[in-house]
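Counting starts at 1 for both ligands and their atoms, in listed order.
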Amino acid sequence: MLFGKIALKFNPNIITKFKVNCPVIAVTATNGKTSTNNCITHTLQTAGFKVVSNKEGNNMETGIISVFVKNCSVTGKIKSDFITLEVDESYVPKIFSKFRLDTLVILDFFRDQLDRNGEVETLILKINEFLKTYNGNLVLNGDDPNVARLGKANSKNKNIYYYHAQRYEFATSEMKEAGEGKFCPFCKTRLEYEYYQYSHIGKFICPKCGYGKYDIYKEAININLKNKSFEVDGIKYNINENSIYTIYNYLAVICVMSLYHIEQDSVIKAISTFELNNGRLENIKINNVPTIINLAKNPTGANVSLRLLKEDIEVKELLFVLNDKIADGFDVSWIWDINFDLLKENNVVRIVTSGTRAYDMAIRIKTSGFDENKIEPYLDIKQAVDELYKTNIKKYVIANYTALQPTRKAILNKRGE
Ligand SMILES: [Zn+2]
């Protein structure tokens with residue numbers, strides 16, 4: 001980051017000075033940027049390519065410039081087979097109006113960090129404006145109406161690729177979670193859904209103007225969360241997670257690999273060996289107690305995690321850690337958009353809450369109808385983790401942005417105790 005800050009200070013247009021002779025692939029979204037970009041990088045590397053990437057998740061201008069500075073020659077030449085970048089949604093127009101871009105992948109748009117980005121709609125319109133003159137590959141989640149609409153930004157661009165997933169076992173005909181994108185962006189009619197996979201992601205159509213009809217480039221079928229597998233173009237992919245949410249991200253990866261004709265065996269192998277670690281659907285054992293840790297910085301992220309609890313038939317306990325530090329946003333009202341009803345019908349035997357807003361979280365969960373005698377708030381994360389591991393029941397852990405790493409550390413410290 002420091003490199004980038006200094007470089008930008010000396011020359012605000014420094015990004016135009018790097019010389020690049022390889023494809024540049026960028027991923028943007030509200031949720032899933034880091035995992036998807038890292039999986040693209042991992043897959044290209046598995047196929048034997050040299051890749052320069054901002055794998056650490058520094059996804060704004062200074063972070064990206066830092067990566068370039070570290071990987072360029074004295075003349076500013078970046079020698080690589082591919083450059084893969086995770087880019088913050090609000091920085092896409094800023095960076096790529098000045099830097100080469102061959103493939104842009106857009107996964108989803110949800111409400112997130114409103115303070116910094118403004119309303120989601122404003123953000124989408126800014127990216128739409130940028131895309132009006134963009135003619136490169138555009139890989140879009142065709143099941144997110146907030147994303148698919150961007151395929152119409154430039155009618156002259158013939159390189160639009162939509163991905164779609166067939167209805168999975170737990171898809172619903174009613175929307176179970178708060179989400180955006182309920183109305184057609186073109187004619188404002190209420191969208192009709194054949195099914196919702198999660199939040200507003202699903203098979204939709206505008207009954208008035210037909211928005212939602214498009215040619216599918218890659219489609220996931222036979223989604224089997226129990227066996228952790230799905231199929232695309234007759235090829236079976238085995239994955240390490242049992243979440244519909246990650247299957248969408250893998251679909252984006254498969255689209256990109258297909259566009260660059262990456263050898264099929266490498267793609268299958270890379271996807272089956274890819275691990276979302278560092279607290280993103282991380283699956284670990286603490287003294288033989290299965291523990292699943294996941295980041296959730298907005299209602300959709302939290303709902304995706306709660307869905308995993310719902311879909312898992314085993315008895316379990318939940319730890320939810322909520323901080324309200326600068327990077328999280330001081331406003332934690334988004335927790336009221338989390339669908340805790342997902343827990344009611346389920347065998348969650350205890351919920352521990354922690355973080356600076358442990359009590360807000362406890363009240364929120366109690367309001368959803370969950371038995372208050374089974375809710376335990378602790379401000380101190382170490383104490384919360386100690387209490388959590390007093391039983392040997394399977395654990396699910398959800399933590400927001402600044403809470404994630406301290407929570408993860410406290411949990412890993414329990415090892416061997
Ligand atoms: Zn419409």
Side-chain angles (χ1 to χ4, degrees), residues 27-32 89-90 92-93 103-112 114 117-168 170-221 244-245 247-249 251-252 255 298-300 303-304 337 339:
V27 180
T28 197
T30 308
N31 289 344
E89 311 91 281
S90 54
V92 168
T103 297
L104 178 64
V105 181
I106 307 179
L107 308 172
D108 52 55
F109 287 117
F110 300 108
R111 248 180 289 166
D112 183 23
L114 291 181
N117 288 335
E119 295 288 342
V120 175
E121 183 64 19
T122 313
L123 194 64
I124 297 169
L125 290 176
K126 271 188 195 163
I127 295 176
N128 193 72
E129 194 58 35
F130 163 75
L131 291 175
K132 281 180 180 172
T133 54
Y134 171 76
N135 283 296
N137 295 328
L138 187 56
V139 176
L140 301 173
N141 182 350
D143 290 349
D144 182 343
N146 288 343
V147 172
R149 63 191 276 194
L150 294 170
K152 293 181 188 266
N154 177 4
S155 57
K156 288 188 190 116
N157 188 354
K158 301 296 172 215
N159 307 304
I160 315 285
Y161 303 94
Y162 296 96
Y163 57 88
H164 159 74
Q166 270 190 2
R167 186 182 193 123
Y168 89 119
F170 298 96
T172 51
S173 42
E174 298 289 322
M175 193 190 284
K176 293 283 183 198
E177 298 132 13
E180 298 80 29
K182 285 171 238 170
F183 294 91
C184 174
F186 302 104
C187 72
K188 310 295 172 205
T189 307
R190 183 174 277 275
L191 295 173
E192 286 176 1
Y193 275 75
E194 199 179 312
Y195 55 85
Y196 295 91
Q197 307 272 41
Y198 69 94
S199 190
H200 66 262
I201 308 294
K203 178 101 183 102
F204 69 89
I205 188 91
C206 171
K208 195 173 169 198
C209 75
Y211 170 56
K213 267 191 213 133
Y214 49 81
D215 291 329
I216 298 165
Y217 180 58
K218 295 290 168 193
E219 179 185 36
I221 63 165
I244 183 67
Y245 161 75
I247 288 175
Y248 273 92
N249 296 343
L251 260 174
C255 286
N298 47 39
T300 309
N303 287 333
V304 163
D337 287 334
N339 185 15

Could you pull out all residues at least two apart from Tyr214 that satisfy ring-ring contact (aromatic ring centres under 6.0 Å, His included)?
Tyr162
Taking only residues two or more places apart in sequence or in another chain, which ones pass side chain to side chain contact (heavy atoms under 4.5 Å, CB included) with Tyr211?
Pro145, Ala148, Arg149, Lys152, Cys184, Pro185, Phe186, Leu191, Phe204, Cys206, Cys209
Under the salt bridge (Lys or Arg N to Asp or Glu O under 4.0 Å) test, residues paired with Glu194 that sit two or more places apart
none
Is the closest basic N to carboxylate O distance between Glu129 and Lys126 below 4.0 Å?
no
My understanding is that only one of Phe183, Tyr193, Phe110 makes a ring-ring contact (aromatic ring centres under 6.0 Å, His included) with His200; could you say which?
Phe110
So, taking the atom named NZ in Lys208 and the one named NZ in Lys188, what distance separates them when rounded to the nearest 0.5 Å?
11.5 Å
For the Zn ion (ligand 1), which protein N/O/S atoms fall under 2.8 Å? Skip waters.
Cys184 SG, Cys187 SG, Cys206 SG, Cys209 SG
